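One structure is given here, and the rest of the page talks about it.
Given the structure is predicted, the values throughout are model-derived calculations rather than measurements.
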Amino acid sequence: MVGYGAIQKRSVSTAISTVKGGKISEMPTSNISQSLVGMSSGITLQQISGEPGAAPAIRVRGAGSINSGNDPLFVIDGYPTTDAELFNNINPADIADIQILKDAASSAIYGSKAGNGVIIVTTKQGQTGKPKVSFSTQVGWSEAQNYVDVLEADDYMDMIIEARTNNGSIQNFPKLIQMRESGNYENTNWQDAIFRNALNYRGTATITGGTEILKYNFSANYQNEDGILLNSFYKRVGIKGGFEANLSKKIKLGVNFSTTYSKRRLQQPTGGNTEDVTGVIAQALSMPPILPVYQNNGDYTQIAQHYADLGLNNQLRNPVSNLLENRNDKWSIRTMSNAYFEVKPIKGLTLRTSVNFTTNAAKQDYYQSAFLLGKSYTGNKSTPDLTSIDGYRLSGFGYNAYWSTTATYDVTFNEKHHLNTMIGYDFEYNSDFEVQQDDRTDSDNPIAYNITSITNVNGAKLWTGSSEYSNYVFDAMFARLVYDYNYKYVLSGSVRRDRSSKFGPDKRAGWFYSGSLAWNITEEDFMKDIHWLDIAKLRASYGITGNDQIGNDYAWISTISSDQNVVFGTTAIPTYYPSGYSNRQLGWEKNKQMDLGFDIGVFNALNI
């Protein structure tokens, strides 16, 4: 597979790697990105978050931009997207193979979206034959590694007694002396209190079959991944289906669809040790081991409430309460569907048109309870602090419509000259809408909540809201030519013109092109007797790609802000002013790359 089609491997003159789906599905990982670790050279993955279900950041031959996004372009069954979450929602068991376009020459056919490399995903399709049902499952667990060494209770007690004695304040803490003499204190490892062994499970059921006229493939999958932090998890349910129909020898059509529902509960482990909700790791490392996690009445142990007379840091929070008394849930329902129609009117000519439509309905519900310590240092299960309650709700919906049409002509003449040409047109429309509901206070209602039974933002007495809407339009024209002489000498070139509403009117269009050469040494007559050598190819290429991941659909437009009032008499009048400058010259970020390579494969097993 290459961009917008396929050519024989011997005719490839650029840097492309292939990863078979069987290897991906065998990996004990929770998403596709993790499965790519070590599968191909030039691909690096960085796990930037330990959240359950979080995917690593993928980089193809390093970062391609300083100021813009660095995610590669994912092409999923012909649909191009930079949405890494959509890519990672694909069930690994549904993957047929993955092609990685590494250099600019192979990626330039995707123009302004390909500056960070391209990953082409082909999912499994129906197979001719009787219905075949299969089921696969993986079970595993995760655990925190390399705990930070901290003092145990006896050593901690000895240290604090010695410190109080040395500074002459030990007489001020009789309860501390009593605890030491009686040995009436706990030996709590607070890292054990917040971490757990987390169960991971993934299961897939598939049915496939068909005839020469109609082939089908359907699958369903379920994934559960508990987080190693308490009260965190990721759950996903997905279905996928498709069929391909050969209406005649020259006409074919196909339909694919998938729907994924996911829910995750997030925690905020980073931060300081004196804040509610955030910083639970710092809190676990700071909390004295001589204190229990819970009091006898079920309250969370809080130094400020239960041990203020020990001379400890009263601002420290119980990390277990911070984990259990906040809820940050995210739901998502994603759909992806595509349909294509293909006709071959004459020998060698293939006309293909496809339509893709994706949607994403998402919601986030955040709530922190009155049982947190809070700024008053009084909140707990037996003494709720209403001022500790905070909440918001975020809902959004987005969709993307994409249409692509190509004409490909593949011909061989005089038995040794092979020519593959392709021209095409793309059109894309993207729209996103988001609304947020927040609690608020005023002079008559200084506390946002007066009840604890409604554990979401709807329990607030007063609300405020905000909304966002954005969209963009994109289209492209492109062409490619690949010629080889008897598979020995290969010449390839592509050109593409993109237009996007994200950029200024004066720089809205951009041109991207590439050229490459290759010499298949193993196709030469003098190499025919070297049977252990599968491939030896020398190649050179040059290409220009772009990057449209600027993070804002309206970056070139001047914006208006209003955050100050002017008083006339006794009336406050809001003022408006420009908060940015329009830039009609805002244009594409381009990457220029030259590539020299030598591919070698031996014994049908090792490829370098």
| query | Do Asp94 and Lys240 meet the salt-bridge criterion of a basic N to acidic O distance under 4.0 Å? | reply | no
Assign the ring pair His418 / Tyr487 to parallel, tilted or perpendicular, where the plane angle (0 to 90°) is split at 30° and 60°. parallel
(message) Could you check whether any side-chain heavy atom of Pro345 comes within less than 4.5 Å of a side-chain heavy atom of Leu351, counting everything from C-beta outward?
(response) yes
The complete set of ring-ring contact (aromatic ring centres under 6.0 Å, His included) pairs with one or both residues in residues 114-136, sequence neighbours excluded, reads none
Checking Thr358, Asn356, Asp426 against Tyr402 for side-chain hydrogen bond (donor to acceptor under 3.5 Å, both in side chains), the one that qualifies is Asp426
Review point. Are any of the side-chain nitrogens in Arg334 or Asp83 under 4.0 Å away from the carboxylate oxygens of its partner?
Key: yes
Open item on the list: So Leu45 and Arg59, do their side chains get closer than 4.5 Å, heavy atoms only?
Closed with: no
Is any side-chain N of the basic residue among Lys113 and Glu428 closer than 4.0 Å to the acidic one's carboxylate O? yes
Item to complete: Show your working on salt bridge (Lys or Arg N to Asp or Glu O under 4.0 Å) between Arg61 and Asp595 and close with a plain yes or no.
Response: CA-CA 12 Å; Arg61 291 188 171 180; Asp595 190 69; 3.0 Å; yes
Output, in order, the C-alpha distance, side-chain angles, deciding distance and verdict of side chain to side chain contact (heavy atoms under 4.5 Å, CB included) for Lys330 and Tyr234. CA-CA 9 Å; Lys330 290 184 177 182; Tyr234 174 72; over 6 Å; no
Within a strict 4.5 Å, meaning less than it, do heavy atoms of the Ser332 and Tyr261 side chains meet? no
**Prompt:** Would you say Trp403 and Ser354 make side-chain contact, with heavy atoms under 4.5 Å?
**Reply:** no
Determine whether Phe74 and Tyr79 make a side-chain contact, defined as any pair of heavy atoms from C-beta on separated by less than 4.5 Å.
-> no
Before you tell me yes or no, could you show the steps for Asp506 and Arg584 under salt bridge (Lys or Arg N to Asp or Glu O under 4.0 Å), namely the whole-Å CA-CA distance, both residues' side-chain angles and the distance that decides it to 0.1 Å?
CA-CA 6 Å; Asp506 297 341; Arg584 296 177 61 88; 3.5 Å; yes
Under 30°, 30 to 60°, or over 60°: which ring-plane class applies to Phe397 and Tyr399, parallel, tilted or perpendicular? tilted
Review point. Could Lys502 and Phe474 be counted as a cation-pi pair, given that NZ or CZ must be under 6.0 Å from the ring centre and within 45° of the axis?
Key: no
For the residue pair Phe512 and Trp588, categorise the inter-ring angle as parallel (less than 30°), tilted (30 to 60°) or perpendicular (more than 60°). perpendicular
